[in-house]
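Keep in mind that what you see is a predicted model, and the values were worked out from it rather than measured. Residue numbers start from 1 in every chain, and the chains themselves are labelled A, B, ... in the order their sequence lines are given, proteins ahead of strands.
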Amino acid sequence: MNPLIFTTILMTVLLGTMIVMMSSHWLMIWIGFEMNLLAIIPILMKKYNPRTMEASTKYFLTQATASMLLMMAIIINLMHSGQWTITKVFNPTASIIMTSALAMKLGLTPFHFWVPEVTQGISLTSGLILLTWQKLAPMSILYQISPSINLNILLTMAVLSILVGGWGGLNQTQLRKIMAYSSIAHMGWMTAVLVYSPTLTMLNMLIYIMMTLTMFMLFIQSSSTTTLSLSHTWNKTPLTTTLILITLLSMGGLPPLSGFMPKWMIIQELTKNSSIILPTLMAIMALLNLYFYMRLTYSTSLTMFPSTNNMKMKWQFETKQITLLPPLIVMSSLLLPLTPMLSILD
Amino acid sequence: MMTYIVFILSVIFVVSFVGFSSKPSPIYGGLVLIVSGGVGCGIIMNFGGSFLGLMVFLIYLGGMLVVFGYTTAMATEQYPEVWVSNTTVMGVFLLGLLMEVMLVLYVLKGEEVGVVFKFSGVGDWAIYDTGDSGVFSEEIMGVAALYSYGAWVVIVTGWSLLVGVLVILEVTRGD
């Protein structure tokens, strides 16, 4: 793509999300969502093969349906409250429709079916933008309407998302689909605590974005999209095998790494609100996630599967330099001792 | 009949929307779009928005729909689909008509036709006041307010339209 046009379109994606996050008028928020959707389509379609076109079409259809539902919720809110400002949505019908629309945009169950298919059909960099940046705008709207969200619907969607994200990722060997199911599960964790403490949702979003950025950049650096290809990184850059190990275990939520911080805080906040069964179930279902992360680490850094000598070499000989990678790796694994600093958020 | 003119126009509006949603060939879709545009203009005019209605005719029907008509005329097939040529299209059209008839009967049974939005207050609208709102039409004041209080909206929508054109060109470029 022409670099000037590509820059313009990328800046429009950023502008769309910024408009969503900074507007106080519902119509501007809707315009921001549409601008974001419109501008990310050519980014998803960077290569012109039928798979990317199919993935972008699926993405466009689901997100446009979600925008239509959002507009309907906005109009119903307008009919019953007579104003356009972002406050809690007082009418229960409008609130439920809006929650469903934002869940469709985020990829929560039962609207999760597009996430693995779209993520698989596009390139790694586009998948990175899809799974990290595109989650910011709907989550900011959920944050702003969080006092009025129907708890039953949101918790049902959250728990089912964690279940689907864990279970669905079990049979995958394609790395993009694994990251997609991991995204579904993390969105479930984020929305589970939204009604109780929106600050923890934002904390989880921050740490999730850092860890997903790290994982995707490690995949981009070794140009690997399957588990088999990832298992050959020991031959190319042996250091990245250790880094993949650490980052994957952090994504699974294991204690001395920073991925444990949001899960710990969320479980603590849920138990403070006297729900015991729910965080137990969530923690148990996070084990499914941990299983397929550990399977990746097993094949990448812990074992070398027996193979013939010509399969051991990867064909790509020039190294990519990703500047942001070392700070991201550090941040996605070593942030746990900073947990007491969370008290400044109150 | 004149007291219920808005209701009748809105029924024609919905019927023409059903007409193109049942997906005949785009030429016929454009035909009912013209009808729906004209009828929509009539609805807006009945609420006092003469400027907006005329803008619908001029820009929408006279600009965008003309270009749409030319492009579909270039890309049309030898036997385009009408509403009665295909069982599916006719079925969807009749289903839409049936639902509209049921809705009309429900509205008429309730003995009130003024079933439009009920606003409960002025709320957050920025009041663009020329100081003497009894003489000027407030709708033109709203259009003028678009360029003063609503400058950010104009910038955002203008930018989205520009990026929309860039995106469409980029997507249809192929390789």
[atom1] ([X]) with more than 12 external heavy atoms under 6.0 Å:
{"X": "B:Glu77", "atom1": "CD", "value": "yes"}
{"X": "A:Met202", "atom1": "CE", "value": "yes"}
{"X": "B:Met99", "atom1": "CE", "value": "no"}
{"X": "A:Lys46", "atom1": "NZ", "value": "yes"}

Please classify the contact between A:Ile19 and chain B as side chain, backbone, both or neither, with a heavy-atom cut-off of under 4.5 Å. side chain

Please identify which of these residues, B:Val167, B:Leu169, B:Leu166, meets the side chain to side chain contact (heavy atoms under 4.5 Å, CB included) condition with A:Ile5. B:Leu166

Considering non-hydrogen atoms only, spot the tightest contact between A:Leu15 and B:Trp159 and give its length. CD2-CD1, 3.6 Å

Which residues in residues 135-143 of chain A have a heavy atom less than 4.5 Å from any heavy atom of chain B? none

Ordered numerically, the heavy-atom neighbours of chain B under 4.5 Å found in residues 30-42 of chain A are A:Ile31, A:Met35, A:Leu38, A:Ala39, A:Ile41, A:Pro42

A:Thr8 OG1 to B:Glu170 CD distance, which is reported to the nearest 0.5 Å: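 With rounding to 0.5 Å, OG1 (A:Thr8) is 10.0 Å from CD (B:Glu170).
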
